[in-house]
Amino acid sequence: MPVYNSDIVEIFNEVADLLEIEGANPFRVRAYRDAARTISTLSRDVAEMVEEGEDLTELSGIGEDLAGKIEEIVRTGDLKQLEEIEQRTPPELARLLDIAGLGPKRVQKIYEEQGVTSLEELEEAAREKRIRKLDGLGPKTEAKVLEDLERWSEEEERTRRDVAEERVEPLLDYLRSMENVARVEAAGSYRRKKETVGDLDILAISDAGEKVISRFAEYEDVERVVSQGETRSTVVFRSGLHVDLRVVAEESYGAALLYFTGSKQHNIVLRNMALDRGWKINEYGVWTTDEEAEEQEQIAGEDEEEIYGLFDLPWIAPELREARGEVEAAEEGELPDLITLEDVRGDLQTHTTASDGRASLKEMAEAARELGYDYLAVSDHSGYIGVTQGLEADELAERIDEIDRLNDELEEIVVLKSVEVDVLEDGSLDLPDDVLERLDLVVFAVHSHFDLPLEKQTERIMRAMDNPNCTILAHPTGRQIGKRPAYEVDVGRLMEAAVERGCFLEVNAQPDRLDLDDVYCKMAKERGLKLAISTDAHGTEELRFMRYGVFQARRGWLEPDDVLNTRSWEELKKLLDR
DNA sequence: GCCGTTTTCGGCCCGACTGTTTTCAGTCG
């Protein structure tokens with residue numbers, strides 16, 4: 001029974017939640033959460049590190065004690081300490097922490113004084129008006145609890161980036177049109193280009209905060225106002241998206257942007273660096289904290305770059321601000337020179353009307369040329385997959401001739417002959433080698449039997465990689481954001497196998513896939529594996545999904561050289577040749 | 001529970017807002 005990093009993360013987070021409800025030392029609680037975070041962003045398997053006898057205390061936030069607990073989890077799959085805590089404190093209490101307005105103190109009180117141990121019992125207690133009887137809680141909190149319980153049962157928590165984009169850009173325009181507003185920027189995970197956003201954080205520069213905030217509440221998408229003060233307000237959009245607006249003065253723009261962009265962990269690293277230098281950093285600026293002086297003096301704040309400069313650091317791109325070593329890299333002058341959309345010279349997975357796409361071969365090629373691409377791989381589905389009509393071997397052969405004719409006619413772009421061939425349950429492919437050999441590249445993918453055990457799934461895909469015609473493994477984990485989890489597969493092993501065999505993995509840029517994700521991108525880079533960023537476009541407009549893939553790649557520290565399709569076709573051809 | 005060329009003990013990020021108080025605790029980000 002393999003133990004994944006996510007198993008350890010889950011156990012540590014549960015220990016933290018339950019300890020917090022028990023009223024344990026908050027710093028001890030944080031130690032568990034920090035450790036969970038460290039492990040969740042690791043690009044290696046902790047189980048493997050344990051096996052190889054590596055010193056886990058080298059990892060940040062992990063000392064002797066937690067290293068021992070990690071080893072215990074890797075060995076036994078469980079943590080005795082957690083079982084002991086669960087004897088004292090009902091484990092389902094941890095889920096109550098997810099309810100808005102309930103933190104550890106209140107959960108403890110509701111448990112001890114009303115005997116609530118689950119979400120169901122919480123709902124019952126609230127309906128029977130037993131929550132308002134508790135000290136420090138009243139009818140408003142009770143109503144909020146009921147409302148949030150309802151929301152939880154109806155909605156998913158996070159909003160996909162492309163969906164958020166649609167809502168954010170008009171809001172920014174609306175706020176920018178106000179006369180009292182000098183600048184407006186979306187911060188938070190949106191600015192860090194995460195695949196999903198929880199809340200939206202909007203930052204506005206104005207000296208008329210109240211005015212801006214009341215205008216914000218009047219915006220057409222606002223369904224209700226959660227809170228409203230002089231400098232910040234939270235509203236809920238009709239879509240269910242929570243939006244925070246914060247208003248600061250010009251001289252605090254950079255500090256506020258930095259602060260509200262986060263991540264929280266990145267900010268903590270900077271804040272500690274400030275403390276080391278006898279400064280304080282908050283959303284208004286960087287301040288000296290001389291005890292003698294009557295007033296604190298602002299030494300930076302208007303500009304992000306200036307603030308990083310105070311710490312002798314270059315500006316760090318928001319996509320990297322996840323406390324995954326970016327500050328250390330910045331100190332060493334080793335920040336990656338991140339890939340941009342302009343570096344991309346072609347798309348390596350697209351579909352046409354020959355399978356389940358909506359545009360013809362020629363329409364797709366012309367749309368790609370419009371984007372300034374040098375090449376476009378057309379990779380319609382093979383026959384196996386149930387989706388409409390996939391290509392049989394003879395149809396693919398005809399297709400190859402058709403592309404040859406089109407290439408004679410087209411200028412400034414070359415259409416690459418490809419296919420998205422299905423990997424069958426036993427790892428064989430559903431097209432014969434003699435037709436695959438005639439293609440420029442072969443995209444291979446899993447579209448069935450998602451529920452194989454880890455070992456089988458991994459070996460199935462590795463067997464497909466053994467076929468020298470196979471070039472790029474599409475959407476390697478199969479996850480679909482908010483819809484379907486990844487199938488069980490050892491991605492690290494797939495990466496090693498790909499390096500050995502000279503094939504590659506894909507970053508699928510469909511906004512509901514983004515597969516590989518950012519952490520896997522970084523893992524690939526560390527293992528010397530280059531990746532393709534492909535849109536998997538099923539229509540001409542979807543060619544523009546490329547940016548989502550690039551965002552994910554940037555979050556994974558990728559540079560142009562780490563990505564296959566930043567190369568000219570000439571160079572790429574050499575790499576694809578196995 | 002972690003961490004340390006100022007410390008092996010004593011720190012550990014901090015400001016805004018709400019709801020409940022009547023001066024502030026708890027939550028949130």
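Since the structure is predicted, the reported quantities are computational estimates derived from the model, not experimental observations. Just so it is clear: chains get the letters A, B, ... in the order the sequence lines come, proteins before strands, and each one is counted from 1.
- Looking at A:Glu559 and A:Lys525, a side-chain N of the basic residue comes within less than 4.0 Å of a carboxylate O on the acidic one, giving a salt bridge.
- If you take atom C1' in B:dT27 and the same atom in B:dC13, they sit 16 Å apart, rounded to whole Å.
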Tell me, with the steps shown, if A:Asp515 and A:Thr477 meet side-chain hydrogen bond (donor to acceptor under 3.5 Å, both in side chains). CA-CA 7 Å; A:Asp515 176 17; A:Thr477 79; 3.0 Å; yes
Distance-only check: which donor-acceptor pairs under 3.5 Å involve side-chain atoms of residues 56-77 of chain A, not counting sequence neighbours?
from: A:Thr57; atom 1: OG1; to: A:Asp55; atom 2: OD1; distance (Å): 2.7
from: A:Thr57; atom 1: OG1; to: A:Asp55; atom 2: OD2; distance (Å): 3.1
from: A:Asp65; atom 1: OD2; to: A:Lys69; atom 2: NZ; distance (Å): 2.9
from: A:Lys69; atom 1: NZ; to: A:Tyr32; atom 2: OH; distance (Å): 2.8
from: A:Lys69; atom 1: NZ; to: A:Gln81; atom 2: OE1; distance (Å): 3.4
from: A:Glu72; atom 1: OE2; to: A:Lys80; atom 2: N; distance (Å): 2.8
from: A:Thr76; atom 1: OG1; to: A:Glu72; atom 2: O; distance (Å): 2.8
from: A:Thr76; atom 1: OG1; to: A:Asp78; atom 2: N; distance (Å): 3.1
from: A:Thr76; atom 1: OG1; to: A:Asp78; atom 2: O; distance (Å): 2.9

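- Qualifying ring-ring contact (aromatic ring centres under 6.0 Å, His included) partners for A:Phe551, counting only residues two or more places apart in sequence or in other chains: none.
- Summarising the geometry, atom CZ belonging to A:Arg324 is positioned 8.5 Å from atom OG belonging to A:Ser263; distances are rounded to the nearest 0.5 Å.
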Criterion salt bridge (Lys or Arg N to Asp or Glu O under 4.0 Å) on A:Arg547 and A:Glu165, from CA distance to verdict: CA-CA 12 Å; A:Arg547 68 179 185 285; A:Glu165 257 182 24; 2.7 Å; yes
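- Going from the C1' atom of B:dC3 to that of B:dT8 covers 10 Å, rounded to whole Å.
- Comparing B:dG11 with B:dA16, their P atoms are spaced 25 Å from each other, to the whole Å.
- Residue contacts for A:Leu270: at a heavy-atom cut-off of 4.0 Å it reaches no nucleic acid atom on any strand shown.
- For A:Arg224 and A:Glu147, the salt-bridge test passes: some basic side-chain N is under 4.0 Å from an acidic carboxylate O.
- The P atoms of B:dG15 and B:dT20 are separated by 26 Å, rounded to the nearest whole Å.
- With respect to A:Glu322, the side-chain hydrogen bond (donor to acceptor under 3.5 Å, both in side chains) criterion is satisfied by exactly one of A:His266, A:Arg192, A:Lys522: A:Arg192.
- Note: CG (A:Leu97) to C1' (B:dC28) measures 13 Å, nearest angstrom.
- Per the geometry, CE belonging to A:Met273 stands 15 Å off P belonging to B:dC13, to the nearest Å.
- Less than 4.0 Å separates DNA chain B from at least one heavy atom of each of the following residues of residues 12-38 of chain A: A:Asn25, A:Phe27, A:Arg28, A:Arg30, A:Ala31, A:Tyr32.
- In this structure, A:Ile281 reaches neither bases nor backbone, as no heavy-atom distance under 4.0 Å exists between it and the strands shown.
- When the C1' atom is used for both B:dC2 and B:dT7, the distance is 14 Å, rounded to whole Å.
- With a cut-off of 3.5 Å on both pairing distances, the Watson-Crick or G-U wobble partner of B:dC28 is B:dG15.
- Computed from coordinates, the A:Arg271 CZ to B:dG29 C1' distance equals 11 Å when rounded to whole Å.
- The interatomic distance linking A:Asp65 (CG) with B:dC2 (C1') rounds to 10 Å, in whole Å.
- Atom P of nucleotide B:dC13 and atom CZ of A:Arg277 are separated by 17 Å, given to the nearest angstrom.
- No donor-acceptor contact under 3.5 angstrom links the side chains of A:Asp562 and A:Trp557, judged on distance only.
- Using atom P as the reference point in both B:dT21 and B:dG26, the two lie 13 Å apart (nearest Å).
- Cation-pi geometry between A:Arg191 and A:Phe260 is not met: the NZ or CZ atom fails to fall both under 6.0 Å from the ring centre and inside 45° of the normal.
- Distance check on atom C1': B:dG1 versus B:dT6 gives 23 Å, rounded to whole Å.
- Atom CD1 in A:Ile268 sits about 15 Å away from atom C1' in B:dG11, given to the nearest Å.
- Residue A:Leu134 contributes atom CG, which lies 13 Å from atom P of B:dG26 at whole-angstrom precision.
- For the pair A:Leu102 CG and B:dG26 C1', the interatomic distance rounds to 11 Å; values are reported in whole Å.
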Between A:Phe237 and A:Tyr219, is a ring pair (Phe, Tyr, Trp, His ring centres under 6.0 Å) present by the stated rule, with each step listed? CA-CA 9 Å; A:Phe237 276 11; A:Tyr219 182 63; 5.7 Å; yes
At a cut-off of 3.5 Å, list every protein nitrogen or oxygen paired with a nitrogen or oxygen from nucleotides 3-9 of chain B, distance to 0.1 Å.
from: B:dC3; atom 1: OP1; to: A:Gly61; atom 2: N; distance (Å): 3.0

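- Judged as a ring-ring contact (aromatic ring centres under 6.0 Å, His included), and not counting sequence neighbours, A:Tyr111 has no contacts.
- Spacing of C1' atoms, B:dT23 relative to B:dT18, comes out at 15 Å, to the nearest Å.
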Going 5' to 3' through nucleotides 15-25 of chain B and flagging B where a protein heavy-atom sits under 4.0 Å of the base, S where only the sugar-phosphate is that close, and - otherwise, we get BSSSSS-----
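- Figure legend: cation-pi geometry between A:Arg161 and A:Tyr548 absent, as NZ or CZ is not positioned both under 6.0 Å from the six-membered ring centre and within 45° of its axis.
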